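Since this is a predicted model, take the numbers as computed values, not measurements.
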Amino acid sequence: NCPSALVPLTVTINTVPATPTLPQTEYCKKSYESLTLTASTTSGDAMITWITPENSIVNGSINNAVVGTYRVVAVNTTTNCHSDTVTVTVKQKPSTPAVNSQWYVCSPGLTIMYVNNPNSAYTYTWYSDAALTTIVDTGSTIRPIINESDTFYVTATFDGCESDPTSTKIGIKEQAAAPILPDLIYACDGSATLPSTYENKNLSWRTMGGGFVVNPVTVDNGSSRKYYAFLMVDGCPSKADTVTVTYEANPTISATGNA
């Protein structure tokens, strides 16, 4: 139970390298995009070391980073002391939304625009400018009020990553000229058949209240009614021509003769 002679023991406390600094700690990349991850430290005797999502060790920088979580530290090359760890996340940027490149409406007013085959996990944002600063609406389907031809830009966002925009144009079709029909049609004994074609195109008819018209039309004795005729041109109604249908009694024919 006798103690040995004392041996001096030197304990050296080494300085931990400075925590790495990075341009950013979260990245969004396209599937085909090459991404390089870099970091730096103010400790001159330390090197940057990365731990990849596959738990591989890489010194210096990461070329062609993949989607996943990276960890980066500064390691003193002499003492092997490690700095605090910084976590870097690389996320997949959604593909640009698929939308029609051109839309047309028949007249100014409310219209519908939509994303083709939308992903329910994505948030779709519609902008009025290419710089993506003015939001019009969000959702895979929107119903903007269109007063003139315009261009919209739509993006998809998932997990904090916004895709590149897709542009889509919307135009207002010029309204076709009205068919030229007789101003007055007589309804013999109150019944008349309105023309069904004009210049080999099918005519459509509306009442003053906007209802559809079914031939033949009827008019009460001593009265008249107005109807509006138009053509459908490229899916849009033309200007309308007004036709008045008025009651006309059938003439009475009497026969006389000598016995």
Side-chain donor or acceptor of Thr197 paired with backbone N/O of Lys201 under 3.5 Å: no
Flag if over 12 foreign heavy atoms under 6.0 Å of OH, Tyr198: yes
Side chain Ser238, main chain Leu231, donor-acceptor under 3.5 Å: yes
Side-chain heavy-atom pair Val88, Tyr27 within 4.5 angstrom cut-off: yes
Residue pair Met47 / Asn76, side-chain heavy-atom distance below 4.5 Å: no
Sidechain-backbone polar pair: Gln92 side chain, Lys29 backbone, donor-acceptor under 3.5 Å: yes
Which residues share a side-chain hydrogen bond (donor to acceptor under 3.5 Å, both in side chains) with Asp129, sequence neighbours left out: Thr133
Val73 vs Asp84 side-chain heavy atoms within contact, under 4.5 Å: no
Within 6.0 Å of CD in Gln102, more than 12 heavy atoms from elsewhere: yes
Whether over 12 other heavy atoms sit under 6.0 Å from Leu110 CG: yes
Derivation and outcome, side chain to side chain contact (heavy atoms under 4.5 Å, CB included), residues Thr246 and Val219: CA-CA 7 Å; Thr246 189; Val219 180; 5.9 Å; no
Close side-chain approach of Pro108 and Ile172, heavy atoms under 4.5 Å: yes
Backbone of Thr166 reached by a side-chain donor or acceptor of Thr96 within 3.5 Å: no
Heavy-atom donor-acceptor pair, Ser43 side chain to Ala18 backbone, under 3.5 Å: yes
From CA spacing to verdict: side-chain hydrogen bond (donor to acceptor under 3.5 Å, both in side chains), Thr151, Ser167: CA-CA 7 Å; Thr151 301; Ser167 64; over 6 Å; no
Sidechain N-carboxylate O distance under 4.0 Å for Asp137, Arg143: no
Stepwise side-chain hydrogen bond (donor to acceptor under 3.5 Å, both in side chains) check, Glu54 with Ser56: CA-CA 6 Å; Glu54 299 82 13; Ser56 299; 5.2 Å; no
Residue of the set Thr41, Asp45, Ile48, Asn80 for which side chain to side chain contact (heavy atoms under 4.5 Å, CB included) holds with Val75: Asn80
NZ/Lys173: more than 12 non-hydrogen atoms of other groups inside 6.0 Å: yes
Over 12 foreign heavy atoms within 6.0 Å of CG, Asp183: no
Flag side-chain contact, heavy atom, 4.5 Å: Trp126 against Thr168: yes
Side-chain (Trp205) to main-chain (Ser196) donor-acceptor, under 3.5 angstrom: no
Listed once per pair and sorted, the disulfide (SG to SG under 2.5 Å) pairs that draw on residues 123-153, sequence neighbours left out: none
Stepwise side chain to side chain contact (heavy atoms under 4.5 Å, CB included) check, Asp241 with Phe230: CA-CA 7 Å; Asp241 188 25; Phe230 60 92; over 6 Å; no
Verify same cluster id: Val154, Phe158 (apolar side-chain graph, 4.5 Å): yes
Min side-chain heavy-atom separation Met208-Tyr227 under 4.5 Å: no
Test item: Leu22 and Val72 side chains (from C-beta on) under 4.5 Å apart, heavy atoms: yes
For Pro17 against Ala74, the heavy-atom pair lying closest together: CG-O, 3.6 Å
Check against side chain to side chain contact (heavy atoms under 4.5 Å, CB included), Leu194 and Ile185: CA-CA 8 Å; Leu194 300 174; Ile185 294 178; 4.0 Å; yes
Short side-chain to backbone donor-acceptor contact, Arg225 and Thr207, under 3.5 Å: no
Qualifying disulfide (SG to SG under 2.5 Å) pairs with a residue from residues 201-240, counting only residues at least two apart or across chains: Cys106-Cys236
Stacked cation flag Arg206 on Phe212, 6.0 angstrom / 45 deg: yes
Show every donor-acceptor pair shorter than 3.5 Å between a side-chain atom in residues 113-125 and any protein atom, with sequence neighbours excluded, or say none if there are none.
residue, atom, partner, partner atom, Å
Asn116, ND2, Asn100, OD1, 3.3
Asn119, OD1, Ala121, N, 2.9
Tyr124, OH, Asn119, N, 2.8

Solution key, residues 57-69 side-chain donor-acceptor pairs under 3.5 Å, sequence neighbours excluded:
residue, atom, partner, partner atom, Å
Asn59, OD1, Thr49, OG1, 2.8
Asn64, OD1, Ser34, OG, 2.6

Derivation and outcome, side chain to side chain contact (heavy atoms under 4.5 Å, CB included), residues Thr52 and Arg71: CA-CA 7 Å; Thr52 70; Arg71 289 168 291 163; over 6 Å; no
Over 12 foreign heavy atoms within 6.0 Å of CD, Gln24: yes
Test side-chain hydrogen bond (donor to acceptor under 3.5 Å, both in side chains) applied to Glu162 and Thr155, step by step: CA-CA 7 Å; Glu162 188 173 26; Thr155 63; 2.5 Å; yes
Tyr153 vs Leu132 side-chain heavy atoms within contact, under 4.5 Å: yes
With Thr138 via side-chain hydrogen bond (donor to acceptor under 3.5 Å, both in side chains) - residues at least two apart: none
Straight-line distance of Asp234 CG to Glu174 CD, nearest 0.5 Å: 11.5 Å
